[in-house]
Structures are given as structure tokens and as C-alpha cells.
Amino acid sequence: MSKNTPKAIRGTQDIFGADAESFAFVVETFERVRKLYRFRRAEFPVFEKTEVFARSLGETTDVVSKEMYSFEDRGGDSLTLRPEFTAGIARAYLSNGWQQHAPLKIATHGALFRYERPQKGRYRQFHQIDAEIIGAGEPQADVELLAMADHLLKELGIEGVTLHLNTLGDAASRDAWRAGLIDYFGAVRGELSEDSQERLDKNPLRILDSKDPRDKAFLADAPKIDAFLSDEALAFFDSVTKGLDAAGVKWKRAEALVRGLDYYRHTAFEFIPDEGSAAAKALGAQSTILGGGRYDGLMKSLGGPDTPAVGWAAGIERLAMLVGERNQEPVELAVIPLGKDEELKAIEVAQSLRLSHFATELFVRGNMKKRFNRADQAGANAAIIIGADELASGLLQFKDLKTGEQTALSLDAIIERSWDLRFADDMEAMDDQLSELEQEVRALGEQD
RNA sequence: GCGAUCGUAGUUCAGUUGGUUAGAACGCCGGCUUGUGAUGCCGGAGGUCGCGGGUUCAAGUCCCGUCGAUCGCCCCA
């Protein structure tokens with residue numbers, strides 16, 4: 001931390017070590033799960049014309065009005081670093097004529113930018129994984145998308161998180177509800193918190209999840225969306241919930257759950273840690289780890305044809321905080337030359353081992369003790385030791401670092417022995433998993 | 001954007017009511033008769049105490065500003 005070196009920009013992070021491993025684990029798991037549901041991988045620009053976000057998110061939303069990184073490029077166009085994925089994906093769908101692929105299941109991940117006050121789990125440059133189904137108006141699309149989200153969280157080993165589900169109805173239902181809320185809260189305007197008085201004008205739905213005690217007094221009797229739902233909207237929501245039950249996805253109705261962005265219709269959802277859970281503690285003030293909904297209105301706001309779509313996004317940093325400590329994979333083989341004269345041979349051997357798919361590292365610094373020490377700490381199964389005698393004979397010393405047993409072997413024999421060692425490791429891991437499973441089964445038996 | 005707490009070696013921290021060359025642990029580097037490791041021993045490098053200004057004979061320690069982190073609000077992933 002010296003005086004004159006550049007510092008990272010506020011709200012950005014250099015991710016390394018265990019955090020980086022967790023981050024990679026989230027992304028890798030997402031990639032694996034997304035293939036099971038046949039979502040296609042796509043990449044999108046990090047910046048778009050400002051209007052892409054302004055028109056789709058709504059000018060009055062906080063994201064657009066005060067959180068975007070916008071700038072003028074050299075040609076005088078107003079551009080914006082993407083604050084979210086959906087608008088850019090919608091733009092790509094329209095400008096590339098991807099209607100031909102509808103219904104299009106698409107997945108992506110990457111960096112997003114929002115000018116906000118940084119906190120734990122909230123950054124100015126942050127990363128999301130994202131999944132969308134575009135051109136599908138059926139409730140089955142909502143179900144599949146949510147089933148994938150639920151599946152992903154299971155694969156990540158995240159527990160104590162519940163799917164909170166709501167419907168905002170179709171455009172007419174939503175508008176009628178909104179009007180009802182304005183009437184209701186407007187009558188008691190003076191008694192609401194300052195924030196909610198402002199919400200009344202900007203986004204009245206948001207008053208419903210206010211934490212201010214002054215507002216909470218009025219929440220119980222506020223008009224419910226259910227009273228405004230058209231028969232079609234009701235039937236749609238019913239299909240979604242039945243589908244989730246069929247897929248074995250647990251959910252909880254959350255009547256006050258609304259989404260901040262204007263383009264949402266029908267299904268809205270968030271995966272939120274249960275109160276008091278370890279997950280809730282790990283996230284600090286941030287609660288939602290994955291959120292999304294149906295946005296049938298979006299394409300039209302970008303000048304395209306009416307196109308139904310559903311999607312969700314999840315914060316990679318937030319998920320990474322919940323997957324527990326992950327460390328770098330250990331080395332399998334350590335190659336240790338005894339001195340300078342053996343270094344070239346060591347390089348040759350190490351390269352052969354890597355080409356044979358063993359994670360291999362050379363240890364050439366420090367005295368013998370240090371070399372072995374490092375090899376050991378890096379988790380090596382075995383060390384290949386090369387000295388003058390080995391150079392002469394062509395047989396290398398192969399030392400099993402767990403048993404200490406050491407033999408002179410040819411390179412081919414070393415590769416064979418190394419496969420055996422790896423296999424033994426794998427068997428051990430499988431045994432562990434098996435006994436864990438057995439314990440679970442036994443615990444289940446005792447419950448009954 | 002609002003309120004609060006904090007900021008000392010690479011890391012985690014200690015620094016007594018402001019008083020001489022700022023400490024520890026871990027990590028890093030070297031060595032312990034240079035062909036062998038998981039706990040050992042010896043030695044070493046590394047900090048203008050976030051940055052700038054002020055008060056004082058004297059400031060890591062007090063005051064102001066600034067930057068950053070953290071906690072809550074707002075908003076959201």
C-alpha cells in the first residue's frame with residue numbers, strides 16, 4: 001500500500017484466491033445446468049446506445065435516472081455501460097431477426113455497471129448470470145425457467161433460500177391495481193414516509209415492500225393484486241404454480257413482491273434467503289440473490305413487435321458468497337530437480353506429465369527441504385526427483401508423498417503409477433460421498 | 001443521494017491518559033556441513049501508521065477535509 005500507486009476504482013474489485021474459485025464455480029455450474037435445459041450461450045456488447053436502456057427500463061426508474069454510466073463517444077452518440085442484461089438482449093433479438101429462432105432460450109453472463117453506493121454484495125462493476133426465454137407466451141416457459149433457477153441453486157449447494165412468487169397480471173390488471181393503490185395510499189398521503197410519498201408518484205407498487213413503520217400500518221389493508229386479476233391472468237398464474245408443483249419446485253406466494261422495472265407483467269419472482277438463515281447473514285443488507293419475471297411489454301417499448309418473454313438474472317458475487325470456501329485444485333505431481341544441472345531434464349519431464357493430463361508443477365527454488373515442503377503444501381500426490389544419477393541411468397526417483405515410498409522408474413512407468421494414485425484419490429472421494437449419502441438415508445429413516 | 005463505524009508491514013491485528021529508532025503472528029526470502037518433505041531452529045527483507053491540512057515543544061494517537069471499506073436507508077443482483 002505505497003503512497004503513489006494507482007488505486008482501484010470505487011466499487012470495483014480484484015477477485016483472487018478463494019473468492020475467484022467460488023466465482024468460477026458459480027459460472028461453471030451455471031454453464032453445466034444451462035445445457036441440461038438447452039439454453040444457448042450468447043455474448044453481448046458491454047455498452048449500448050443509452051436509449052436502449054432508457055426506453056426499456058423506463059425513464060423514471062432509479063437505474064436509468066441516477067445509476068447509469070453514460071458517456072458521449074467521439075461521434076457524439078450517448079452510450080451507456082449495461083446496467084442489466086435484458087434490454088441489450090431484447091435489442092439484439094430485434095436487430096438480428098432472432099424471431100426465426102423463437103422460442104429462443106438464451107443464457108449469458110458477464111459484467112454490469114451501476115453507479116451505486118458500494119456495500120457488501122453490491123458493487124459498481126458486478127457480474128450476473130442470466131437466462132431468458134424469448135418468444136414464448138406460455139406459462140410453461142415460466143415454469144421451465146424457474147425450474148432451472150431452482151436446479152442451479154441446488155447444484156451450487158445453496159440452502160435456506162426460498163422462491164418468492166407473485167403475479168402482476170396482464171397490462172390491464174396491473175394498471176387497475178396500480179390505480180387502486182394510488183387511490184388507497186393517496187388518501188393517507190400525509191401519514192406515509194417521505195420515501196413512500198415519492199413512490200406514490202413514481203412507483204406506487206414499491207410502497208408495498210417498504211420497511212418504514214409509518215407505511216407498514218397501511219399495508220395490511222392495501223388493495224391486493226388478486227382482486228384486479230382478469231380471468232386470463234388468473235388462469236396464467238394458476239398454470240405457473242401448478243407447473244412448479246409438478247416440477248417439484250418449492251415456492252411461496254409473496255403478494256407484496258413487485259419488480260422495480262416497468263416492463264414486467266404476470267410472473268415476478270425472487271429467490272430470497274430465509275430470515276435468520278446463514279445465507280441471510282452472509283449477504284448483509286442485500287437479500288435477493290436471483291430475480292426476474294415476465295416482460296411481455298419490453299419488445300414493444302423498443303419499437304419491435306409484441307413479443308412475450310421471461311427471464312432472470314442472479315448476482316455472481318452474491319451466489320459466490322453462499323457457496324462456501326473453495327480452493328485451487330491441488331497439484332498432482334511435483335517435479336524436483338536436485339540442482340541446476342538437472343533443470344532442463346526437469347522441464348522436459350514436467351511437460352510430458354502435463355501432456356499426459358496431470359496437474360504438474362516444478363519446484364526449483366530454495367534448498368531440498370523447501371522444495372519438498374512446497375510440493376507437500378501444494379497437495380502433490382507424488383514427487384519425481386531428478387539428480388545426477390537419474391540423468392545417467394534414465395530412471396527417475398518416484399516418491400509417493402503420502403507413504404514416503406520411493407522407487408526408480410522410467411517416465412512411462414511413472415505415468416502409469418500416477419494414474420493409479422489419481423484413481424485411488426477418486427475412489428476415496430466416492431467413498432466419502434457414499435457414506436454421506438448413507439448417513440442422509442439413515443437420518444431420513446429415523447424421522448419416519 | 002442520506003445516516004453511522006472504521007482505515008497501522010503482503011495478511012490478521014497490538015500500540016497504554018499525544019512523548020525518544022512503530023511491534024506480534026502468519027506469509028515471503030536466505031541458512032541449519034547442498035540427494036529428500038509434512039510440526040523444528042537461526043537470520044533477513046518489508047510500514048514516511050490511507051491521503052492532505054491543522055492544533056502542539058511533540059501526533060499512529062486530538063481537530064478538519066478527502067479517498068476508500070464496512071453497516072443501515074434508498075434502489076437492486
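Naming convention: chains lettered A, B, ... in sequence-line order (proteins, then strands); numbering from 1 in each chain. The analysis underlying the following values was restricted to heavy atoms, covering all of them including side chains, and did not include hydrogens, waters or symmetry mates.
Across the protein-nucleic acid pair, A:F363 atom CZ and B:A38 atom P stand 14 Å apart, rounded to whole Å. The interatomic distance linking A:E198 (CD) with B:G1 (P) rounds to 15 Å, in whole Å. For A:D19 and B:U11, the CG to P distance is 14 Å, given to the nearest whole Å. Atom NE2 of A:H109 is separated from atom P of B:A77 by 19 Å (rounded to the nearest Å). Taking atom CZ of A:R114 as the reference point, atom P of B:C76 lies 8 Å away to the nearest angstrom. With rounding to whole Å, A:R122 atom CZ is found 6 Å from B:C75 atom C1'. Rounded to whole angstrom, the span from the CD atom of A:E342 across to the P atom of B:U34 amounts to 15 Å. The distance from atom CD of A:Q128 to atom C1' of B:C76 is 9 Å, rounded to the nearest whole Å.
Separating the C1' atom of B:A45 from that of B:C26 is a span of 16 Å, rounded to the nearest Å. For the P atom pair drawn from B:U8 and B:A69, the interatomic distance equals 14 Å after rounding to whole Å. Remark: the separation of the P atoms in B:C49 and B:G10 is 13 Å, to the nearest Å. For B:G23 and B:G35, the P atoms lie 40 Å apart once the distance is rounded to whole Å. The same atom, P, is picked in B:U5 and in B:G44; the two are 42 Å apart, to the nearest Å. If you take atom C1' in B:C6 and the same atom in B:C13, they sit 14 Å apart, rounded to whole Å. When the P atom is used for both B:G52 and B:G60, the distance is 13 Å, rounded to whole Å. Atom name C1', nucleotides B:A22 and B:U55: the rounded distance is 23 Å, in whole Å.
Residue side chain A:F126 meets the stacking definition with respect to B:A77: its ring centre sits within less than 5.5 angstrom of the base's six-membered ring centre, and the planes differ by less than 30 degrees.
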_Please determine whether ring pair (Phe, Tyr, Trp, His ring centres under 6.0 Å) holds for the pair A:W419 and A:F358, giving the CA-CA distance in whole Å, both sets of side-chain angles, and the decisive distance to 0.1 Å._
CA-CA 9 Å; A:W419 279 115; A:F358 291 102; 4.8 Å; yes
*Give the C-alpha distance, both sets of side-chain angles, the deciding distance and a yes or no for side-chain hydrogen bond (donor to acceptor under 3.5 Å, both in side chains) between A:E132 and A:Y295.*
CA-CA 10 Å; A:E132 317 275 346; A:Y295 52 93; 2.5 Å; yes
_For a side-chain hydrogen bond (donor to acceptor under 3.5 Å, both in side chains) check, start with the C-alpha distance between A:Q13 and A:Q125, then their side-chain angles and the critical distance, and finish with the verdict._
CA-CA 8 Å; A:Q13 18 164 25; A:Q125 176 179 336; over 6 Å; no
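For B:U36, the base has a donor-acceptor partner in the side chain of A:K399 [N/O atoms by modelled type, under 3.5 angstrom].
Where A:Q119 and A:T12 each meet RNA chain B at their nearest nucleotide, the meeting point lying more 5' is that of A:T12. Nearer to the 5' terminus of RNA chain B, by closest-nucleotide assignment, is the contact made by A:Q397 (compared with the other of A:I9 and A:Q397).
In this structure, A:R318 reaches the bases: a heavy-atom distance under 4.0 Å links it to at least one base atom across the strands shown. Residue contacts shown for A:A375 are absent, as no nucleic acid heavy atom lies under 4.0 Å away. As judged by a 4.0 angstrom heavy-atom cut-off over every strand, A:E390 is placed among the base-contacting residues. Note on A:G339: nothing from the nucleic acid sits closer than 4.0 angstrom, heavy atoms only. Among the heavy atoms of the strands, none lies under 4.0 Å from A:F85. At the heavy-atom level, A:G17 lies nowhere under 4.0 Å from the strands shown. Among the heavy atoms of the strands lying under 4.0 Å from A:D389 is at least one base atom, whether or not backbone atoms are also near. When heavy atoms are screened at a 4.0 angstrom cut-off, A:Q406 is found touching base atoms of the nucleic acid.
Dashed line: the shortest gap from a side-chain N or O of A:R365 to OP1 or OP2 of B:G30 is not under 4.0 Å. Within the structure, a side-chain polar atom (N or O) of A:K211 is placed less than 4.0 Å from OP1 or OP2 of B:C73. Side-chain N/O atoms of A:R374 include one lying less than 4.0 angstrom from OP1 or OP2 on B:C29. Distances shorter than 4.0 Å separate some side-chain N or O of A:R199 from OP1 or OP2 on B:C74.
Donor-acceptor pairing under 3.5 Å is lacking for the side chains of A:R422 and A:N381. For A:H109 and A:Q128, the side-chain atoms include no donor-acceptor pair closer than 3.5 Å. Side-chain polar atoms of A:D19 and A:S22 form no donor-acceptor pair below 3.5 angstrom. Checked by atom type, the side-chain pair A:S78/A:E72 shows no donor-acceptor distance below 3.5 Å.
For A:A413, the side chain to side chain contact (heavy atoms under 4.5 Å, CB included) partners at least two apart in sequence or on another chain are A:L409, A:S410. The side chain to side chain contact (heavy atoms under 4.5 Å, CB included) search around A:L338 returns A:E342, A:M368, A:I385, not counting sequence neighbours.
Residue pairs meeting the salt bridge (charged side-chain N to carboxylate O under 4.0 Å, His left out) criterion with at least one partner in residues 155-167 of chain A, sequence neighbours excluded, are A:R32-A:E155.
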Atom pairs, N/O to N/O, protein against nucleotides 39-41 of chain B, distance under 3.5 Å?
unit_1	atom_1	unit_2	atom_2	d
B:G40	N7	A:K369	NZ	3.3
B:G40	O6	A:K369	NZ	2.9

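In this structure, of B:C73, B:A77, B:U36, it is B:A77 that holds the atom nearest to the side chain of A:T288. Nearest to the side-chain atoms of A:R117 among the listed nucleotides B:C29, B:G3, B:C75 stands B:G3. In the set B:G31, B:C75, B:U36, the nucleotide with an atom closest to the side chain of A:M368 is B:U36. Checked against B:A77, B:C74, B:C76, the side chain of A:D195 finds its nearest nucleotide in B:C74. In the set B:G35, B:C75, B:G1, the nucleotide with an atom closest to the side chain of A:Y115 is B:G1. Each of B:C75, B:C71, B:A69 was ranked by its minimum atom distance to the side chain of A:K120; first place goes to B:C71.
In this structure, A:R371 forms no cation-pi arrangement with A:F363, as its terminal cationic atom is not both closer than 6.0 Å to the ring centre and no more than 45° off the ring axis.
Contact check of residues 289-296 of chain A against RNA chain B (heavy atom, cut-off under 4.0 Å) returns A:I289, A:L290, A:G291.
When all heavy atoms of A:F271 and A:V161 are compared, the pair lying nearest together is CB-CG1, 3.7 Å.
For the atom pair CD1 of A:I106 and CZ of A:R34, the computed distance is 10.0 Å after rounding to the nearest 0.5 Å.
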*Under 3.5 Å for both distances, Watson-Crick or G-U wobble, that's the pair rule; now give the dot-bracket for RNA chain B, with | marking pairs to another strand and [ ] for crossing ones.*
(((((((..((((.....[...)))).(((((.......))))).....(((((..]....))))))))))))....
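For the pair A:D130 (side chain) and A:F85 (backbone), a donor-acceptor distance under 3.5 Å is absent.
Between A:F47 and A:F71, the ring-plane angle classifies as parallel under the 30° and 60° cut-offs.
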